[in-house]
Amino acid sequence: MSTPKRHHFVPQMLLRRFCDNGGRLWYYTKKAPHIGVASGTPETLFYQTNFYTLNEGGVRDFSLESYFSQLESEANTVIEKICAAARAGKGRV
């Protein structure tokens, strides 16, 4: 099993909720204003390579990214219930 290298600082499960019908997210970056408004997929946006990788004594530790992945999976279930209730016009979840 390969280790994840793209560590998203904005979770993909949140980004997907803001995509258009084609699965693309529109964004603007101040670092490249000449590009203007552009689009990308959640997989290719808001990440940094090995952002959560720890390096202890020359040994790479990926446990933090694994932990965040599990946490985001559990949070996604809760967020989906909230969104479903809001779409249905319910005030409480």
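Nothing fancy with the numbering, it's 1 onward along the sequence. Excluded from the calculations below are hydrogen atoms, water molecules and symmetry mates; all remaining heavy atoms, backbone and side chain alike, are included.
A distance of 11.5 Å separates CD1 in I82 from CZ in R87, rounded to the nearest 0.5 Å. The structure places OG of S69 at 10.0 Å from CD of E74, a figure rounded to the nearest 0.5 Å. Rounding to the nearest 0.5 Å places CG of L71 at 11.0 Å from CG of N76.
Contact check for L54 versus F62: no side-chain heavy atoms found under the 4.5 Å cut-off.
Taking every heavy atom of both residues into account, C19 and P42 meet most closely at SG-CG, 3.6 Å. Summarising the geometry of G36 relative to Y28, their closest heavy-atom pair is O-CD1, 3.5 Å, with the distance given to 0.1 Å. Annotation for A38 and I35: closest pair CB-CG2, 4.0 Å, computed over non-hydrogen atoms.
Applying the salt bridge (charged side-chain N to carboxylate O under 4.0 Å, His left out) definition to pairs two or more places apart or across chains, none involves residues 55-67. Within the structure, salt bridge (charged side-chain N to carboxylate O under 4.0 Å, His left out) pairs that include any residue of residues 11-20 comprise R16-E43, R17-E80 (at least two apart or interchain).
For L45, the side chain to side chain contact (heavy atoms under 4.5 Å, CB included) partners at least two apart in sequence or on another chain are L25, Y27. Considering only residues two or more places apart in sequence or on other chains, Y52 meets the ring-ring contact (aromatic ring centres under 6.0 Å, His included) condition with H7, F68. Shown here are the side chain to side chain contact (heavy atoms under 4.5 Å, CB included) partners of T77, two or more places apart in sequence or in another chain: K81. Every ring-ring contact (aromatic ring centres under 6.0 Å, His included) that Y47 has, sequence neighbours left out, goes to H8. Residues passing the side chain to side chain contact (heavy atoms under 4.5 Å, CB included) test with A88, sequence neighbours excluded: K90. Every residue was checked against the salt bridge (charged side-chain N to carboxylate O under 4.0 Å, His left out) condition with E72, not counting sequence neighbours, and none meets it. Under the side chain to side chain contact (heavy atoms under 4.5 Å, CB included) criterion, S66 pairs with no residue at all, not counting sequence neighbours. Residues that satisfy the side chain to side chain donor-acceptor pair (under 3.5 Å) test with S39, not counting sequence neighbours, are R24.
L14 belongs to a hydrophobic cluster whose other members, connected by ILVMFWY side-chain contacts under 4.5 Å either directly or through intermediates, are M13, I79. Other members of the hydrophobic cluster containing V37, listed by chain and number, are W26; membership follows side-chain contacts under 4.5 Å among ILVMFWY residues, whether direct or relayed.
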message: Determine whether T44 and R6 satisfy the following criterion, side chain to side chain contact (heavy atoms under 4.5 Å, CB included), listing intermediate values before the conclusion.
response: CA-CA 9 Å; T44 62; R6 289 185 175 185; 3.8 Å; yes
